[in-house]
Amino acid sequence: MKHSPNNPILLTSSLHVDEARKAIANLVSELLQESQAINDPTDIETVSLDQAINRILAEDLLSSIDVPAADNSAMDGYAFNGKCLATNTLDISLKIVGTALAGKPYEGKIADGECLKIMTGAVMPTDCDTVIPQEFTSSSNAETISFNSNQLKAGENRRLRGEDLQKGQAAITAGRLLRPSDLGLAASLGIATLKVRRKLKVAILSSGDELRSLGQALDAGSIYDSNRYSLTGLLNRLDLEIIDCGIVRDDPASLKQAFIDATSKADVLISSGGVSVGEADFTKQIMQELGDVGFWKIAMRPGRPMAFGILKPDLGNASARKTLFFGLPGNPVAVMVTFYQFVRSALLQLNGASQTEPPLMQALSETTIRKKPGRTEFQRAILGRNAEGRPTVRLTGSQGAGILRSMSEANCFVILGHDQGNIAAGDWVDIALFDGLL
Ligand code: AMP
Ligand code: MG
């Protein structure tokens with residue numbers, strides 16, 4: 001297996017972020033091809049449109065109609081036959097013979113020298129192919145309009161039947177993470193239900209003797225478990241089924257049992273804590289008994305240690321399915337960064353999404369940023385605009401991996417690439433907006 005501890009990429013002391021992403025994507029695609037795939041692509045649910053937001057479309061959505069269903073007007077104005085524009089007459093006068101509204105077509109004929117008052121969306125009469133917008137016309141009485149023929153060409157301001165979508169064409173292709181516009185599009189085709197992929201079952205747990213649940217008293221040296229809450233928020237952005245496995249003590253028997261329980265219920269297990277240098281040996285031993293998990297030192301900040309692989313405890317049940325495992329670092333910001341960089345794409349890939357990479361954009365750095373080449377950094381920042389209207393970013397205070405406030409105040413990451421050195425004020429930097437993602 002590509003992620004196995006014998007793989008040469010794991011022998012390098014620091015794994016490039018891109019290599020880690022590639023290894024994860026490769027393992028997920030191997031898993032998808034297995035006969036007992038973690039998330040069988042044929043595992044499909046039918047849901048009504050109002051339940052379909054953020055789900056992943058399982059089959060192409062074919063249109064059963066032409067959209068629009070008939071030629072119609074793109075403007076409020078007057079429809080006429082555009083052949084009169086080809087004559088040498090500059091000033092054209094047409095007699096108004098009727099009105100067509102959206103939903104109320106005009107049934108009569110429009111002869112040469114005549115026009116039809118028409119509203120946006122109303123069906124074009126068969127004798128007409130052109131619409132002159134209302135604002136380009138003048139009128140000295142209620143029966144006629146005049147306009148200058150230079151103002152338009154034959155065929156303008158008409159929407160053609162099937163111009164948006166032709167009957168039988170895919171309106172939305174399988175793998176789309178459904179957004180509000182997709183639901184509107186499905187409704188415009190008269191489609192009330194969609195076939196979507198089953199929700200992935202994702203178990204989360206926090207490990208650490210120092211962790212306390214909300215509501216418990218904080219004794220000396222203990223802290224509240226925040227990671228399960230940020231992870232729940234992150235996972236809810238993707239509309240998954242979350243299985244909360246709580247807090248697990250740093251004790252081999254409890255940890256092992258918690259992993260076995262989680263794998264019996266979930267397609268994916270995400271833990272936080274217990275993979276840093278001090279604790280990895282202990283976790284490694286448990287993982288060796290439960291599956292095939294690599295312990296990575298990734299060249300990134302924050303989020304250096306991470307475990308990744310497959311859990312398949314041998315419980316005497318040959319048909320037991322595999323569970324994909326992410327052992328994220330314990331630091332609260334590192335959890336969110338590693339989720340963003342590695343977990344999110346893998347979950348989308350596993351659930352058949354066609355677009356798994358989050359969008360990147362660029363902004364001008366307001367300040368200098370210190371950066372050592374040789375690792376990818378994710379700094380927390382606020383996107384704004386300068387006087388010229390250009391996008392700018394400013395870092396949010398202290399950037400320690402445990403300082404969750406820097407994340408909470410931010411609305412984007414500044415992503416500084418592996419080979420990048422210091423950034424000067426006014427340099428363009430890559431950014432990833434949190435909105436909709438984190
Ligand atoms: P670890 O990766 O277990 O060595 O943890 C690294 C740091 O993150 C330590 O300071 C932990 O106390 C902290 N930490 C670990 N898990 C959590 C959690 N669930 N919530 C908040 N902080 C955590
Ligand atoms: Mg720990």
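When a ligand or atom number is given, it counts from 1 through the structure's own listing order. Excluded from the calculations below are hydrogen atoms, water molecules and symmetry mates; all remaining heavy atoms, backbone and side chain alike, are included. Fair warning: this is a prediction, and the values are worked out from it, not measured in the lab.
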Name the closest protein heavy atom to [atom], giving the residue it belongs to and the distance to 0.1 Å.
atom	answer
atom 19 (N) of ligand 1	Asp225 OD1, 2.7 Å
atom 7 (C) of ligand 1	Asn331 OD1, 3.5 Å
atom 23 (C) of ligand 1	Gly330 O, 3.4 Å
atom 9 (C) of ligand 1	Glu210 OE2, 4.2 Å
atom 1 (P) of ligand 1	Glu279 OE1, 3.4 Å
atom 18 (C) of ligand 1	Asn227 ND2, 3.1 Å

Pair [X]-[Y], side-chain donor/acceptor within less than 3.5 Å:
X	Y	result
Thr173	Asp60	no
Asn422	Arg370	no
Thr120	Asp76	yes
Thr392	Glu366	yes

Give a yes or no on whether Glu210 keeps an N, O or S atom under 2.8 Å from the Mg ion (ligand 2).
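Looking at Glu210, which is the residue asked about, there is no N, O or S atom under 2.8 Å from the Mg ion (ligand 2).
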Would [X] and [Y] pass as an ion pair if we require N to O under 4.0 Å?
X	Y	result
Arg158	Asp71	yes
Glu377	Arg375	yes
Arg228	Asp244	yes

Ligand-side contact atoms (ligand 1) for residue partner [X], heavy atom cut-off under 4.0 Å:
X	value
Tyr224	20 (N), 21 (C)
Ile223	12 (O), 21 (C), 22 (N), 23 (C)
Ser276	1 (P), 2 (O), 4 (O)
Gly274	1 (P), 2 (O), 3 (O)
Ser206	19 (N)

At the 4.0 Å heavy-atom cut-off, does Ser226 count as touching ligand 1?
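Ser226: in contact with ligand 1 (<4.0 Å).
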Applying a 4.0 Å heavy-atom criterion (strictly less than), which segment of Ile247 is in contact with ligand 1: side chain, backbone, both, or neither?
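Neither part.
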If you draw a 6.0 Å radius around CD in Gln285, do more than 12 non-hydrogen atoms from other residues or ligands fall strictly inside?
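No.
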Just one of Lys195, Arg55, Arg198 clears the salt bridge (charged side-chain N to carboxylate O under 4.0 Å, His left out) bar with Glu45, so which one?
Arg55
